[in-house]
2 protein chains.
Amino acid sequence: MAQKNVLQFIILGLLNEQPLTGYELTKAFDSDIGEFWSARHSQIYPLLNRMEGERLITHETEVTGEKLERKRYAVTPVGAEMLTRWLNEPTRTITPGKDEFALKLYFISDASDGRLHVMLQTQLQLHRSKLEHLEGQMKSKFSTDSQIRGHYGHYLILNHAIRRETEYCHWLEDALASAPAVADADTGTGAKRS
Amino acid sequence: MAQKNVLQFIILGLLNEQPLTGYELTKAFDSDIGEFWSARHSQIYPLLNRMEGERLITHETEVTGEKLERKRYAVTPVGAEMLTRWLNEPTRTITPGKDEFALKLYFISDASDGRLHVMLQTQLQLHRSKLEHLEGQMKSKFSTDSQIRGHYGHYLILNHAIRRETEYCHWLEDALASAPAVADADTGTGAKRS
DNA sequence: TATATACATGTCTTTATTGACATGATTATG
DNA sequence: CATAATCATGTCAATAAAGACATGTATATA
């Protein structure tokens, strides 16, 4: 397996809270859980079929309006047990991360490289707006203690995401502080001088 | 493409510094760059072949000892140009991260869940030893300013990795501070009471 | 000198994941 | 009422990536 079929457990976990359709499951990855895992509908729908074949989940068909059908999936006892086994097993690995930007940066060998400034600036902008979005999420979802109750894990990882992005921004800002805004050194290709 | 063939550019970048064998390329992912991308030899060797077919790299065969052959790959002008194009293009995306632990945590809805303590403790141990290792790397590779020169990007991302792991540990420690060491609530399965 | 470890290169199968293709219904908005 | 956005579910081909399988050499160490 490329990972360990973590997606399967995420689906089980989400359906364990409440029955959901494939569409709703797909949308779940647009919000906070998307900070730590992602999946498209083209991966989700086939997996739902497979999981149903394995009796981990079942569905009942609902009809919206005149004829629009949707399948609402729910966890079976077998699926619930499998979820519990996953949850009970402490995670003894660190999921290896990927970061194209960091890698690109790795190949900038010189602190005076003219490309550094725009590279860092571009990423900083991205991470700042992400951070802003996450802080909005936190405010809207967990502004009071009572909202945390029953969603503690969600609160924890949203907090985690915010701290991660905050740190990412700080790092970029620090790096930016030592990157010249105007290129002095050659950039490997035609760097325009000002 | 699942990503955008970032691996191709990493290989180009590494070979641009100095010609390397497939084996050495593979090993590169065990050190700091592995903090931001990973690849196995079973992905690297076929890709080297493909890239050579596309004239991005070439190789010359060396012999070690009596008959052990190895192919030392180097970037062609075409490959170098492609690398430069990648480096010149600011990264306008954030590579989506994956973190099985965070996801598992998401499904712990109650702060009093007995599983929380061991989950957090296990991860903290992992991230602490990773942090320790990274700090060792920093000390051995960049203890003086002169060592940074010519490897600035490497220095930056190592710093990034250290700050990331430091933050991760802090977050775990904070979460741990509010997680009871002994289970009061049920854990979904047989939680032993003390 | 036995032997374990590291060096060295590959292939093959399976699984994970993306992105494109494909279709149609419902609802909100102008 | 037109039409855009969203809801809703799927398939298919291609690429990415993991893990197992396969083989042999060179070197350090006991």
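A note on names: the letters A, B, ... follow the listed sequences, proteins ahead of strands, and every chain is numbered from 1. All values below were derived from every heavy atom in this structure, side-chain atoms included, with hydrogens, water molecules and symmetry-related copies excluded. All figures in this text were calculated on a predicted structure; none of them were measured in a lab.
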message: Is there a side-chain contact between B:Y45 and the phosphate of C:dT9, meaning an N or O under 4.0 Å from OP1 or OP2?
response: yes
message: Any carboxylate oxygen within less than 4.0 angstrom of a Lys/Arg side-chain nitrogen, looking at A:E35 and A:R164?
response: yes
task: Compare the minimum distances between each of C:dT17, D:dG10, D:dA8 and the side chain of A:K71, then state the nucleotide with the smallest one.
output: D:dG10
query: Does the pair A:D110/B:R149 count as a salt bridge with the N-to-O cut at 4.0 Å?
result: no
task: Ignoring backbone atoms, test whether A:K98 places a side-chain nitrogen or oxygen under 4.0 Å from the OP1 or OP2 oxygen of D:dA16.
output: no
Among D:dG10, D:dC7, D:dG19, the nucleotide that comes nearest once only the side chain of A:K27 is considered: D:dC7
task: Report the residue (A:S42 or A:L68) whose heavy-atom-nearest nucleotide on DNA chain D is the more 5′ of the two.
output: A:L68
message: Quick check for you: among C:dT26, D:dA17, D:dA26, whose closest atom lies nearest to any side-chain atom of B:W37?
response: D:dA17
- request: Measure the acute angle between the ring planes of B:W171 and B:F101, then classify it against the limits of 30° and 60° as parallel, tilted or perpendicular.
  value: perpendicular
query: Side chain of B:Q43: nearest nucleotide among C:dT18, D:dA16, D:dC7?
result: D:dA16
query: Hey, does the side chain of A:R70 come within less than 4.0 Å of D:dC7's phosphate (OP1/OP2), counting only N and O?
result: no
task: Select base, sugar-phosphate, or nothing to describe what A:T21 touches, counting heavy atoms under 4.0 Å on all strands.
output: sugar-phosphate
